[in-house]
Amino acid sequence: RFLQSIDNNLLWLLIVPSASTVFGLIVAVRADRVRWGNIAKSLVFMPMAISFIGASIIWKFVYDYGTQQVQIGLLNAIITSLGGQPVAFLTIPHLNTLALIVVGIWIWTGFCMTILSAALKSVPDEIMEAARVDGASEWTIFWKIMVPIILPTITVVVTTMVINVLKLFDIVYVMTGGNFGTNVIANRMYTEMYTNFNVGRGTAVAVILVIAIIPFIYFNIRRFLAQEEMR
């Protein structure tokens, strides 16, 4: 069960930090180019204003698997209205983990967008205008000018997301309780400590979790110190 928790955490690590950062960057770039950009940013950031437990309850209703006759879950209501069969999103192995990952991306994209949007404001307009005068396309400007300038911020966002994912607990605990093959390290620690009352094993899991997080904290601190020296 512990090895399964590690496997699930690795899957979260592969998908959530990269997907949240990419979506946040896309929204940050595109929202500044439309009149209703501030509204779009507010909508994307809104999940961050909800507690993780509240967001998990909302998505538990979205994924809900009712009966063959009545579907109160949003997704299954749509599927059955189109003539399909309801899907037990939270009990099918592997599919349920991906369903939980979607919730994590939905919540954390707003955080990534906010940080990256602030970083994009620091990109000098003169450089971009000079590139446009030289005939550079917007795609080239994005990859050759904007991304290199905000790369330190992107790195900090990704490492912060990695730390968030490693200590993930709320979403899994509320939506599945770690059952059906969705367990993660932090949830395993809680189960050992407060359900199985095996304090020694729960403490061992906690130590492993701390050891896994320390390298990313150290990396962030080193980067912050390097930035301070440059200033």
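For reference, positions follow the sequence shown, starting with 1.
- N96 is linked by a side-chain contact (heavy atoms from CB on, under 4.5 Å) to F180, T182, counting only residues two or more places apart in sequence or in another chain.
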Could you go through the side chain to side chain contact (heavy atoms under 4.5 Å, CB included) check for L75 and V87 one step at a time? CA-CA 9 Å; L75 285 181; V87 179; over 6 Å; no
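- Without hydrogens or angle criteria, N9 side chain to V165 main chain gives a donor-acceptor distance under 3.5 Å.
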Which pairs would a plain distance check flag for residues 18-26, meaning a side-chain donor or acceptor within less than 3.5 Å of a matching protein atom at least two apart in sequence or in another chain?
from, atom 1, to, atom 2, distance (Å)
S18, OG, L14, O, 3.0
S18, OG, I15, O, 3.0
S20, OG, V16, O, 2.9
T21, OG1, P17, O, 2.6

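- Taking 4.5 Å as the limit, some side-chain heavy atom of W12 sits within range of a side-chain heavy atom of L168.
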Would you check, one step at a time, whether the test side chain to side chain contact (heavy atoms under 4.5 Å, CB included) holds for F89 with L95? CA-CA 6 Å; F89 290 100; L95 176 62; 4.2 Å; yes
Start with the C-alpha distance between N164 and W108, add both sets of side-chain angles, then the distance that settles side chain to side chain contact (heavy atoms under 4.5 Å, CB included), and finish with yes or no. CA-CA 9 Å; N164 287 337; W108 280 311; 3.9 Å; yes
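- Panel note: side chain N8, backbone S5; no donor-acceptor pair is recorded below 3.5 Å.
- When the side-chain contact (heavy atoms from CB on, under 4.5 Å) test is applied to A212, the partners found at least two apart in sequence or on another chain are L166.
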Considering only distance and modelled atom types, tabulate donor-acceptor pairs under 3.5 Å from the side chains of residues 193-208, sequence neighbours left out.
from, atom 1, to, atom 2, distance (Å)
N196, ND2, E192, OE1, 3.3
N198, OD1, R201, N, 3.2
T203, OG1, V199, O, 2.7

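- No path of Ile, Leu, Val, Met, Phe, Trp and Tyr side chains, each step under 4.5 Å between heavy atoms, connects I154 with F219, placing them in separate hydrophobic clusters.
- Looking at residues two or more places apart in sequence or on another chain, you find a side-chain contact (heavy atoms from CB on, under 4.5 Å) between I115 and F111, T153, V157.
- Rounded to the nearest 0.5 angstrom, L116 CG and K121 NZ are separated by 12.5 Å.
- The aromatic rings of Y190 and F169 sit tilted relative to each other, their planes meeting at an angle between 30° and 60°.
- Within the structure, salt bridge (charged side-chain N to carboxylate O under 4.0 Å, His left out) contacts touching residues 148-159 (residues at least two apart or in different chains) do not occur.
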Under 3.5 Å, which donor-acceptor pairs link side chains of residues 53-64 to any protein atom two or more places apart or in another chain?
from, atom 1, to, atom 2, distance (Å)
S56, OG, F52, O, 2.7
K60, NZ, V174, O, 3.4
Y63, OH, A99, O, 2.9

For M128 and M146, what are the C-alpha separation, side-chain angles and deciding distance, and is it a side chain to side chain contact (heavy atoms under 4.5 Å, CB included)? CA-CA 8 Å; M128 292 191 291; M146 299 173 74; 4.0 Å; yes
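- Note on residues 164-178: no pairs pass salt bridge (charged side-chain N to carboxylate O under 4.0 Å, His left out), not counting sequence neighbours.
- Evaluation of the side-chain contact (heavy atoms from CB on, under 4.5 Å) rule for I221 yields I217, L225 as partners, not counting sequence neighbours.
- No donor-acceptor distance shorter than 3.5 angstrom exists from the side chain of T97 to the backbone of P93, with no hydrogens or angles considered.
- Residues in residues 128-148 take part in these salt bridge (charged side-chain N to carboxylate O under 4.0 Å, His left out) pairs, two or more places apart or across chains: R33-E138, E129-R132, R132-E138.
- Cluster membership for V158 and W143, using ILVMFWY side-chain heavy atoms within less than 4.5 angstrom, is shared.
- To the nearest 0.5 Å, atom OG1 of residue T155 and atom CZ of residue R223 are 4.5 Å apart.
- Apart from I214 itself, the hydrophobic cluster it occupies contains V210, where clustering links Ile, Leu, Val, Met, Phe, Trp and Tyr at side-chain heavy-atom distances under 4.5 Å.
- With hydrophobic clusters built from ILVMFWY side chains whose heavy atoms lie under 4.5 angstrom apart, L90 shares a cluster with L74.
- Note: I50 CD1 to M48 CE = 10.5 Å, rounded to the nearest 0.5 Å.
- The distance from the CG atom of N187 to the CD1 atom of I171 is 11.5 Å, given to the nearest 0.5 Å.
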Using a 3.5 Å cut-off and no angle test, enumerate the donor-acceptor pairs between side-chain atoms of residues 36-44 and protein atoms at least two apart in sequence or in another chain.
from, atom 1, to, atom 2, distance (Å)
K41, NZ, D32, OD1, 2.8
K41, NZ, S117, OG, 2.8
S42, OG, N38, O, 2.9

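- Transitive grouping of hydrophobic side chains (ILVMFWY, heavy atoms separated by less than 4.5 Å) keeps I213 and I211 in distinct clusters.
- When hydrophobic clusters are built by joining Ile, Leu, Val, Met, Phe, Trp and Tyr residues whose side-chain heavy atoms come closer than 4.5 Å, directly or via intermediates, I145 is grouped together with W139.
- One distance of note links CD1 of I92 with CG of L98; it measures 11.5 Å at 0.5 Å rounding.
- Going from atom CG of D7 over to atom NE2 of H94 covers 9.5 Å, rounded to the nearest 0.5 Å.
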